[in-house]
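By convention in this document, chain letters (A, B, ...) are assigned in the order of the sequence lines, proteins followed by strands, and residues within each chain are numbered from 1.
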Amino acid sequence: MDGSISVSNLNVWFDTNHALKDVSLKIGKNEITAIIGPSGCGKSTFIRCLNRMNDIIPKCRVEGTIHIDGEDINNPKIDVVEVRRRIGMVFQKPNPFPKSIHENIAYAPRLHGMVESSNGEGSEPKRRNYTKKEIDDLVEWSLKRAALWGEVKDRMHKSAYELSGGQQQRLCIARALAVKPEIMLFDEPCSALDPIATAKIEDLLVDLKKDYTVIIVTHNMQQAARVADKTAYFYLGELIEYGDTEQIFEKPQKKLTEQYITGRMG
Amino acid sequence: MAVKVKSIARRRAFVENGIRYSFAAISAFSIFVLVLVALFLIINALPAFRMISPGTFFFGTVWDPTSPLNPLYGIVPLFVATLLVTLISALIAIPIGLGCTIYLAELAHPRVRAIMKPAVEVLAGIPSVVLGFFALIVLATWAQDIFDPVNRLNLFVGGVMLSAMMIPIMVSLSEDAINSVPRSLKEASYALGTTRWETISKVILPAAKPGIVAAIMLSIGRAVGETMVVVMACGNAPHLTFNVFSSGLTMTATIANEMGEVAFNSTHYYALFAVGLVLFILTFILNYVADIILNRQEERY
């Protein structure tokens, strides 16, 4: 398992609206890939395909293949729940559960249990229940990894809604990390945050890339330029250009990309 | 110019205040009506306690107001009958209503939902006399065949029919509660790799709990206050019984049955008002408890 993603001929329809058109790209492991483009271009739809979140939208149809570690996640035989365990997601608006800080993070691991051993490729890993100590350790580890531990360690049993917006978003990141994913998806994670909170999340993204494949949808081109290794530009449901971030921002090959980057469109 | 602006501002203030005061008057009127009803009940019920000792009224186990020799006004048998009918209907309606709500709100295919939701709402609109008639003719016969009850018309038949009235209210109110759980919470849970059932039971239901509890309380309130079905289906025998398969007389049925034939200003007349007052207080307490539960839930997080 390495967390590489290979998408080919991905098409998505919402009812009759053709939202993504023939998108193909390869995303390497331990890289940050930014998805940019004007509103309604299919950025969010694209990353929501990667963990099959579009499944829960009625009248949504997805075609094409998405290989993650060589396995096609659009294969009808695949266990969607298992796919989502391996791929964490952070949403546009911080969405902690109406529970305590501790419970927010312990929620999913407690349901999944701890992986005891994986019996080779393809088979369901063996799981057992966490002990209380293990849950506490996992919660601490996740919060440290999301750079939030110091700010919340004395109020673990307070409501998550008492945190600021930026702290809530880092809590959501910690919550996703606690499931031990290989890939982390971020859907405009900073659009509801102030510049200081945004800077903290960006530092965190760069730090996370050591261990995870990171994909981030962003409206903010400076953000893409600051954190991403690769950048993909989407326009009207099509992937216009994909390449190293530097090249996209400094020497865009396509006219549409250049227009967007230089602010003449979008 | 300055004068004109001033006059516009004054006119606007006049209109704004006019709107505010007229709405205040309308809402004050509805509270006024409620106070009036309560006062009317209390004034008419109080003489009962001058004629009957409160001890015999509240703890008396015989309700026999028409006895020529020794009329007795003990509310216990009526109270127990109301309690039993409500208990039966709640035991049936709460699990079914909850299951139906979860299915409609989270599991049903949109096309199934489009048919089922209006159907449930139509059920809420069936006049209670029709349901009572159905209970009297059909349900009572079925119950007779299956349970071999003491009386053909009994508390169980009434309770079952009442549950059919509770379910639609419960479903439409608690479905609103579930639908108002933000989609972002569901997505957060699904994205963590939880199953549908885990998400429903651990995220959606807890978040919707205050609304669901309120829905349950309101539908129980409806069962306590419902009259037509119990008059028709419960047999109306005013004896004290804990057997749900024997007939019984609920508080509402007592008032409905006896108010028409009672002598004005007699002890019996006032006693019926006292029963009404007890019913009023009971439903008031029920709503108040629901309110407390709702608030406590909100305070926690």
Side-chain angles (χ1 to χ4, degrees), chain A residues 15 44 47-48 50-59 79-101 103-113 157-162 168 171-172 174-181 184-187 192, chain B residues 101-118 174-215 292-301:
Chain A
D15 209 0
S44 291
I47 72 161
R48 291 170 64 95
L50 300 179
N51 64 345
R52 303 249 324 241
M53 280 305 275
N54 287 327
D55 284 21
I56 58 178
I57 296 175
K59 294 189 175 176
D79 179 9
V80 184
V81 169
E82 193 60 38
V83 168
R84 296 197 188 124
R85 275 179 210 174
R86 287 168 47 191
I87 303 170
M89 187 166 202
V90 175
F91 297 84
Q92 190 167 358
K93 261 174 66 188
N95 54 357
F97 298 123
K99 302 174 193 277
S100 70
I101 294 168
E103 281 305 304
N104 258 280
I105 295 169
Y107 165 72
R110 224 180 248 151
L111 291 173
H112 301 334
H157 297 283
K158 290 273 173 60
S159 167
Y161 290 157
E162 285 175 18
Q168 286 187 16
L171 179 68
C172 292
R175 181 176 69 182
L177 294 176
V179 185
K180 306 279 173 101
M184 286 290 289
L185 308 175
F186 292 85
D187 189 356
Chain B
T101 307
I102 292 170
Y103 175 73
L104 271 182
E106 289 298 321
L107 305 173
H109 190 276
R111 250 174 286 163
V112 178
R113 200 186 121 90
I115 298 167
M116 257 188 84
K117 186 145 201 247
S174 48
E175 210 221 351
D176 287 345
I178 287 185
N179 281 336
S180 66
V181 174
R183 204 180 71 159
S184 64
L185 283 187
K186 294 181 209 173
E187 289 194 332
S189 182
Y190 283 127
L192 291 167
T194 61
T195 62
R196 212 172 206 187
W197 176 242
E198 286 165 347
T199 299
I200 290 172
S201 62
K202 296 274 165 50
V203 173
I204 296 174
L205 287 184
K209 198 162 140 199
I212 292 173
V213 170
I292 290 172
I293 294 172
L294 259 165
N295 287 332
R296 200 199 291 149
Q297 276 293 325
E298 275 162 15
E299 271 165 29
R300 263 186 75 200
Y301 287 116

- Message: So for A/Arg48, is it side chain, backbone, both, or neither that comes closer than 4.5 Å to the heavy atoms of chain B?
- Response: side chain
- Message: Working to the nearest 0.5 angstrom, can you tell me the gap between B/Leu192 CG and A/Met89 CE?
- Response: 11.5 Å
- Message: Tell me the closest heavy-atom pair linking A/Pro96 and B/Leu185, and the distance in Å.
- Response: O-CD2, 3.3 Å
- Per-residue tally against chain A (heavy atom, under 4.5 Å) across B/Glu198, B/Arg196, B/Glu187 peaks at B/Glu187
- Message: With a 4.5 angstrom heavy-atom cut-off, is it the side chain or the backbone of A/Val81 that approaches chain B, or both, or neither?
- Response: both
- Query: What part of A/Leu111 lies closer than 4.5 angstrom to a heavy atom of chain B: side chain, backbone, both or neither?
  - Reply: both
- Heavy-atom pairs under 4.5 Å with chain A, option from B/Pro110, B/Ala207, B/Ser189 with the top count: B/Ser189
- Item | B/Ala188 to A/Phe91 - nearest heavy-atom pair and separation | CA-CE1, 3.9 Å
- Query: What part of A/Leu185 lies closer than 4.5 angstrom to a heavy atom of chain B: side chain, backbone, both or neither?
  - Reply: neither
- Query: Looking at A/Arg175, A/Lys93, A/Arg52, which makes the most heavy-atom pairs under 4.5 Å with chain B?
  - Reply: A/Arg175
- How far apart are the C-alpha atoms of A/Tyr107 and B/Thr194, what are their side-chain angles, what is the distance that settles it, and do they pass the side chain to side chain contact (heavy atoms under 4.5 Å, CB included) test? CA-CA 10 Å; A/Tyr107 165 72; B/Thr194 61; 3.8 Å; yes
